[in-house]
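Presented below is the structure to which this report refers.
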Amino acid sequence: MPELPEVETVRRDLHRLLRGQWVKNVSVNKEKMVRGSTSLFKRNLRGLLVQGVKRRGKLLIFSMTDDKSLLVHMKMTGQMIYQSKQTLVGGGHGQPRVKRDELPNKYTHVVIVFGDGARLFFNDMRQFGYMRLVNAKQLEQVVKRFGVEPLSKAFTPDKLRRLVRGRKTSLKNVLLDQRGVAGLGNIYVDELCFLAGVRPMRRADKVTDREIVKLHKAAINVLKRAIAARGTTFNSYRDGLGGEGKFVRMLKVYGRSGKLCVRCKTILKRVKIGGRGTVYCPVCQK
DNA sequence: ACGAGTACCTGTCGGC
DNA sequence: TGCCGACAGGTACTCG
Ligand SMILES: [Zn+2]
């Protein structure tokens with residue numbers, strides 16, 4: 001589910017809402033969603049203050065006091081949803097006008113309660129995600145495995161050129177590899193390949209310098225616009241307040257196989273690359 | 001070292 | 001209706 005724009009949207013929401021809050025209580029309904037000992041996790045997290053919320057690639061990082069960090073990966077269907085103590089959107093006279101989604105629900109695996117009574121729900125239908133509490137040294141070990149942040153100055157056409165050099169796998173596989181560029185996923189790789197006019201199944205080391213420049217520009221462009229739209233809600237993605245992202249309206253190829261190309265009206269094709277569904281325009285992309 | 005394939009879960013959708 | 005297979009935003013592992 002969440003790729004860089006979605007995780008960044010959640011990060012911004014939660015940073016604003018949780019900075020300065022302290023953890024009053026932690027409940028874990030499904031132990032496998034917490035890496036390591038659940039009892040240690042609860043005991044060590046309780047009492048810490050949230051100093052800020054950061055992100056590396058698709059990994060959410062809550063910077064806590066005591067040199068600890070709470071790592072959260074939402075994988076495909078994870079959600080991190082905040083609710084203040086007074087949560088009902090009221091009609092003003094008892095009954096809430098809008099029936100909001102009830103939390104916790106059957107996919108809520110961890111609930112963190114803060115000092116002011118606000119709650120943070122970690123939901124994950126497919127249970128691929130995880131939470132992990134680490135110290136400074138462990139954080140460094142985790143973070144150093146990620147490649148360049150695509151919205152940082154370090155991400156240049158030259159950097160991308162070096163990443164495809166000598167790679168016999170597909171361009172798509174290189175772009176999805178988090179050790180190279182951190183944060184791209186299936187949606188935005190398909191989208192940026194369309195914007196750049198390059199087929200994602202092309203052998204990475206056969207992509208030309210001109211195309212590299214276009215891919216680099218398209219990556220930055222699509223990620224920035226997706227963040228501005230608060231991400232893509234295709235199915236389960238929700239922002240830090242349970243709201244939906246609006247970028248699905250802007251998608252040119254992802255989820256549109258069999259439909260007409262927005263640029264040339266050709267029928268979009270679907271193939272599999274590295275086990276991932278992939279959509280492209282056979283005319284606009286070379 | 002690299003690249004390909006599979007496992008981890010639960011749900012939805014389309015075909016018969 | 002029901003059953004069955006394919007598919008879903010991501011990694012982490014194994015094998016050759
Ligand atoms: Zn086209």
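By convention in this document, chain letters (A, B, ...) are assigned in the order of the sequence lines, proteins followed by strands, and residues within each chain are numbered from 1. We use all heavy atoms of the structure for the numbers below, so side chains are in, but hydrogens, waters and symmetry mates are not. Note that the structure is predicted; figures quoted are calculated from it, not measured.
Scanning for ring pair (Phe, Tyr, Trp, His ring centres under 6.0 Å) contacts around A:Y107 gives an empty result, with sequence neighbours left out. Partners of A:H15 under the ring pair (Phe, Tyr, Trp, His ring centres under 6.0 Å) rule, at least two apart in sequence or in another chain, do not exist in this structure. The side chain to side chain donor-acceptor pair (under 3.5 Å) test applied to A:N135 returns no partner, not counting sequence neighbours. Remark: A:K106 pairs with no residue by the side-chain contact (heavy atoms from CB on, under 4.5 Å) rule, at least two apart or across chains. Evaluation of the ring pair (Phe, Tyr, Trp, His ring centres under 6.0 Å) rule for A:Y254 yields A:F234 as partners, not counting sequence neighbours.
A:F146 has its CZ atom 13 Å from the C1' atom of C:dA12, to the nearest Å. Summarising the geometry, the separation between CG on A:D177 and C1' on B:dA1 is reported as 13 Å, rounded to the nearest angstrom. Distance A:L59 CG to C:dA12 C1': 15 Å, rounded to the nearest Å. Rounded to whole Å, the distance from CG on A:D239 to P on C:dG9 is 21 Å. For A:R179 and C:dC13, the CZ to C1' distance is 13 Å, given to the nearest whole Å. Distance OH (A:Y130) to C1' (C:dA12): 10 Å, rounded to an integer number of Å. Per the geometry, CD belonging to A:E6 stands 9 Å off P belonging to C:dG10, to the nearest Å. In this entry the distance linking CG of A:L184 with C1' of C:dG9 reads 13 Å, nearest Å.
Through direct or relayed side-chain contacts under 4.5 Å between Ile, Leu, Val, Met, Phe, Trp and Tyr, A:I61 connects to A:L59, A:L71, A:Y130, A:V134, A:L139, A:V142, A:V143, A:F146. Under the 4.5 angstrom side-chain criterion for Ile, Leu, Val, Met, Phe, Trp and Tyr, the cluster partners of A:L49 are A:W22.
Residue A:Y107 has its side chain nearest to B:dT10 when only B:dT10, C:dT11, C:dG10 are considered. Among the nucleotides B:dT10, C:dG9, C:dT11, the one closest to the side chain of A:K58 is C:dT11. With B:dT10, C:dG10, C:dG9 as the candidates, the nucleotide lying closest to the side chain of A:Q127 is B:dT10.
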For residues 264-279 of chain A, which side-chain donor-acceptor pairs fall under 3.5 Å, sequence neighbours excluded?
{"residue": "A:T278", "atom": "OG1", "partner": "A:K172", "partner atom": "NZ", "Å": "2.7"}
{"residue": "A:T278", "atom": "OG1", "partner": "A:R276", "partner atom": "O", "Å": "3.0"}

Throw together a table of side-chain donor-acceptor distances under 3.5 angstrom for residues 115-125 of chain A, partners on residues two or more places apart or in other chains.
{"residue": "A:D116", "atom": "OD1", "partner": "A:A118", "partner atom": "N", "Å": "2.9"}
{"residue": "A:D116", "atom": "OD2", "partner": "A:Q21", "partner atom": "NE2", "Å": "3.2"}
{"residue": "A:N123", "atom": "OD1", "partner": "A:T108", "partner atom": "OG1", "Å": "2.6"}
{"residue": "A:N123", "atom": "ND2", "partner": "A:Q79", "partner atom": "OE1", "Å": "3.1"}
{"residue": "A:D124", "atom": "OD1", "partner": "A:T77", "partner atom": "OG1", "Å": "2.5"}
{"residue": "A:D124", "atom": "OD1", "partner": "A:R126", "partner atom": "N", "Å": "3.3"}
{"residue": "A:D124", "atom": "OD1", "partner": "A:Q127", "partner atom": "N", "Å": "3.2"}
{"residue": "A:D124", "atom": "OD2", "partner": "A:F128", "partner atom": "N", "Å": "3.3"}
{"residue": "A:D124", "atom": "OD2", "partner": "A:G129", "partner atom": "N", "Å": "2.7"}

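A:F194 pairs with exactly one of A:L251, A:V253, A:V189 by the side-chain contact (heavy atoms from CB on, under 4.5 Å) rule, that one being A:V253.
Under the 4.5 Å side-chain criterion, counting only non-hydrogen atoms from C-beta, A:R132 is in contact with A:Q138.
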If you restrict it to nitrogen or oxygen atoms, what contacts under 3.5 Å exist between nucleotides 13-16 of chain B and the protein, and what is each distance?
none

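Interface remark: the A:N235 side chain does form a donor-acceptor pair with the C:dG9 base, using a distance-only criterion of under 3.5 Å.
Listed pair A:H73 / C:dT11 meets the phosphate criterion, a side-chain N or O lying under 4.0 Å from OP1 or OP2.
Comparing A:Y254 and A:R145, the nucleotide of DNA chain C nearest to each residue sits closer to the 5' end for A:Y254.
With hydrogens and angles left out, the side-chain atoms of A:Y188 and A:T232 include a donor and acceptor closer than 3.5 Å.
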* Asked: Going 5' to 3' along nucleotides 2-8 of chain B, which nucleotides have protein heavy atoms under 4.0 Å from the base (write B), which only from the sugar-phosphate (write S), and which from neither (write -)?
  -> -SS---B

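Taking atom P on both B:dG3 and C:dG9, the two are 22 Å apart, rounded to the nearest angstrom.
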* Asked: Please, what dot-bracket string fits DNA chain B when only Watson-Crick and G-U pairs with both distances under 3.5 Å count, crossing ones use [ ] and pairs to another strand use |?
  -> .|||||||.|||||||

